[in-house]
Amino acid sequence: MTIEDKKNVFYDLGIFLQQFKSAGCSKNKDVKHNDEYFDLFIDLIQLSQSHNGWYTPENVYYAIESWTQLLTKETINEWLSAYQPVSNPKNIGLILAGNIPLVGFHDFISVILSGHKAIIKTSSNDQKLLPFLVRYMTSVDPRFTNWVTFTDKKLENYDAAIATGSNNTARYFEYYFKNVPSIIRKNRNSVAVLTGDESQEELKLLGEDIFRYFGLGCRNVSKLMVPAGYDFDILFKAIFDFKDVIHYEKYSNNYDYNKAVYLMSNYKLLDNGFLILREDNDNYSSPIASLSYEYYNSLEDVAVKLTRDAEQLQCIVGLENSTNSVSFGQTQKPNLTDYADGIDTMKFLTELG
């Protein structure tokens, strides 16, 4: 298969995915292999929460719709125009995360459209969605099966690797892949820098950055940087529409547990019934159903701190002109050029040829 052949398969996948929306699914009779896959995919989406309690249909649909916007001829061609695909394909081992639906799809499409073959080890938390999409793509063009292999065993016969995990597993990955070129991703978090001048609409959009995927993604805001004397009531009022998140059992259990731990530790908390805020000047991460916050004296001080800690951060919301700056409400809508950890995956892959 040529790169153009592969791009065409991804275009067809994008057309297939356009049918599936949280507002309602609509079958298009002109979509390839729809009779075989349309109903099966709806069933898979509805059953995703039984495979992973965090994968609600709403969040799976959100991930699908996000990729639908990227799997277009214009978007893919613009992205690939900066790279020269390899002519000598290598086997690239992928160890994917499973914290949010289809989180590893960007690595997958990067490997294939850079000209390489993918050997994929999916997360135990996300073993259904990507294999289903690859099955569909293989039906569109049976030659595609030669470019993708899934394994539930130890990766073998790879020439390079991209592995995503925690800070602890990263040490294992660094040792395991020490003899091949690799990208090893660790824990990262995202922050929002507030000034107190944000509109209610901007703060409501910030709620999307906080609560989408229940806050499980590295692009979810887990910490707030706020000026001294900041009025948190304004924030709580703006994000009130997200209150129903507390009705999800897994989220609610984490809320109750983390609140109990904080109270037993005599932490001073701010709490609106579905989100806990705790002052913490040392960490960017925060447990599910909670945010940390830190007061600042000047935006210049914030810029210095965030620059110093850049390797711990994925996105920065609200601080314009900063590295990894993202607009309110956009953290979970990355473009194809928004590479995880700021490492240009396509550059890495195309330089392997």
Side-chain angles (χ1 to χ4, degrees), residues 1-11 13-14 66-67 69-97 102-121 130 144 147-149 155 157-165 169-170 173-174 176-188 190 217-219 306-307 309-316 321-326 330-353:
M1 292 180 75
T2 66
I3 292 298
E4 289 301 318
D5 292 332
K6 296 173 188 174
K7 286 195 292 185
N8 287 333
V9 175
F10 280 105
Y11 302 152
L13 176 63
S66 297
W67 273 107
Q69 298 172 24
L70 298 177
L71 296 178
T72 67
K73 289 184 179 181
E74 180 181 9
T75 302
I76 290 178
N77 284 328
E78 181 180 358
W79 173 46
L80 295 181
S81 65
Y83 309 95
Q84 182 61 44
V86 301
S87 56
N88 181 27
K90 296 184 182 298
N91 294 323
I92 311 300
L94 295 179
I95 297 181
L96 305 184
L102 292 174
V103 67
F105 194 87
H106 192 279
D107 286 338
F108 166 65
I109 189 175
S110 297
V111 168
I112 300 302
L113 293 185
S114 64
H116 295 296
K117 298 182 178 182
I119 305 173
I120 303 173
K121 186 175 180 63
L130 182 57
F144 198 75
W147 295 86
V148 185
T149 302
L155 286 181
N157 302 318
Y158 53 85
D159 302 300
I162 301 174
T164 303
T169 57
F173 292 151
E174 287 169 351
Y176 190 76
F177 297 120
K178 63 183 178 181
N179 296 321
V180 298
S182 64
I183 294 176
I184 308 298
R185 302 202 182 102
K186 305 177 183 179
N187 291 341
R188 291 216 179 196
S190 298
C218 62
R219 298 180 66 89
L306 298 185
T307 298
D309 297 338
E311 291 189 359
Q312 301 180 51
L313 301 174
Q314 197 70 262
C315 302
I316 300 173
N321 301 319
S322 63
T323 303
N324 300 333
S325 178
V326 180
Q330 298 300 306
T331 60
Q332 294 299 344
K333 297 179 180 179
N335 296 314
L336 289 171
T337 53
D338 291 328
Y339 296 105
D341 296 8
I343 299 172
D344 189 328
T345 311
M346 281 297 285
K347 184 174 185 291
F348 167 79
L349 291 166
T350 54
E351 289 181 353
L352 293 174

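Just so it is clear, the structure is predicted and the values come from calculations on it, not from any experiment.
- Distance check: I162 CD1 to F177 CZ gives 10.5 Å after rounding to the nearest 0.5 Å.
- The nearest pair of heavy atoms linking Y339 to I343 is CB-O, 2.9 Å.
- Between the side chain of D159 and the backbone N or O of K90, no donor-acceptor pair lies under 3.5 Å.
- A search for side-chain contact (heavy atoms from CB on, under 4.5 Å) contacts involving Q69 returns nothing, not counting sequence neighbours.
- For T72, the side chain to side chain donor-acceptor pair (under 3.5 Å) criterion is met by T75, not counting sequence neighbours.
- With sequence neighbours left out, W147 forms a ring pair (Phe, Tyr, Trp, His ring centres under 6.0 Å) with no residue at all.
- Every salt bridge (charged side-chain N to carboxylate O under 4.0 Å, His left out) that D5 has, sequence neighbours left out, goes to R143.
- Y158 pairs by the side chain to side chain donor-acceptor pair (under 3.5 Å) definition with nothing, not counting sequence neighbours.
- Shown here are the side-chain contact (heavy atoms from CB on, under 4.5 Å) partners of Q84, two or more places apart in sequence or in another chain: there are none.
- Taking the six-membered ring for Trp and thresholds of 30 and 60 degrees, Y83 and W79 have ring planes more than 60 degrees apart, a perpendicular arrangement.
- Residues F173 and A163 approach most closely at CD1-CB, 3.6 Å, considering heavy atoms.
- For the pair L71 and F105, the minimum side-chain heavy-atom distance is below 4.5 Å.
- Among residues two or more places apart in sequence or in another chain, the side-chain contact (heavy atoms from CB on, under 4.5 Å) test is passed with T149 by none.
- Remark: K121 pairs with no residue by the salt bridge (charged side-chain N to carboxylate O under 4.0 Å, His left out) rule, at least two apart or across chains.
- At least one donor-acceptor pair closer than 3.5 Å links the side chain of R219 to the backbone N or O of T331.
- Listed by chain and residue number, K7 satisfy the salt bridge (charged side-chain N to carboxylate O under 4.0 Å, His left out) test with E4 (two or more places apart in sequence, or in another chain).
- Take Q312 and apply the side-chain contact (heavy atoms from CB on, under 4.5 Å) test, not counting sequence neighbours, and it matches Y284, D309.
- Of all non-hydrogen atoms in L155 and I95, the two that sit nearest each other are CD1-CG1, 3.7 Å.
- The distance from the OG1 atom of T345 to the CZ atom of F348 is 8.5 Å, given to the nearest 0.5 Å.
- Between Q314 and D341 the shortest side-chain heavy-atom distance falls below 4.5 Å.
- In this structure, the side chain of D344 engages the main chain of M346 through a donor-acceptor pair within 3.5 Å.
- Taking the salt bridge (charged side-chain N to carboxylate O under 4.0 Å, His left out) definition, one finds that K347 meets it with E351, sequence neighbours left out.
- Within a 6.0 Å sphere centred on CD of E78, other residues, nucleotides and ligands contribute 12 heavy atoms or fewer.
- Under the 4.5 Å side-chain criterion, counting only non-hydrogen atoms from C-beta, P181 is in contact with L352.
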Donor-acceptor pairs are to be reported for all side-chain atoms of residues 106-115 against protein atoms at under 3.5 Å, with residues two or more places apart or in another chain.
from	atom 1	to	atom 2	distance (Å)
H106	ND1	S110	OG	3.4
H106	NE2	L336	O	2.7
D107	OD1	R185	NH1	3.4
D107	OD1	R185	NH2	2.9
D107	OD2	R185	NH1	2.7
S110	OG	H106	O	2.7
S114	OG	S110	O	3.0
S114	OG	V111	O	2.8

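- Here the straight-line distance linking atom CD of E311 with atom CG of L313 works out to 10.0 Å at 0.5 Å rounding.
- Scanning both residues, A97 and T164, for their nearest heavy atoms gives CB-CG2, 3.8 Å.
- Across all non-hydrogen atoms, the minimal contact from R188 to A310 is NH1-O, 3.2 Å.
- No side-chain heavy atom of V9 sits less than 4.5 Å from a side-chain heavy atom of L13.
- Side-chain atoms of H116 never come within 3.5 Å of backbone atoms of I92 as a donor-acceptor pair (strictly under, hydrogens ignored).
- Of all heavy-atom pairs spanning L94 and A118, the tightest one is CD1-CB, 4.3 Å.
- Of the possible polar contacts, one joining the D338 side chain to the N335 backbone as a donor-acceptor pair under 3.5 Å is found.
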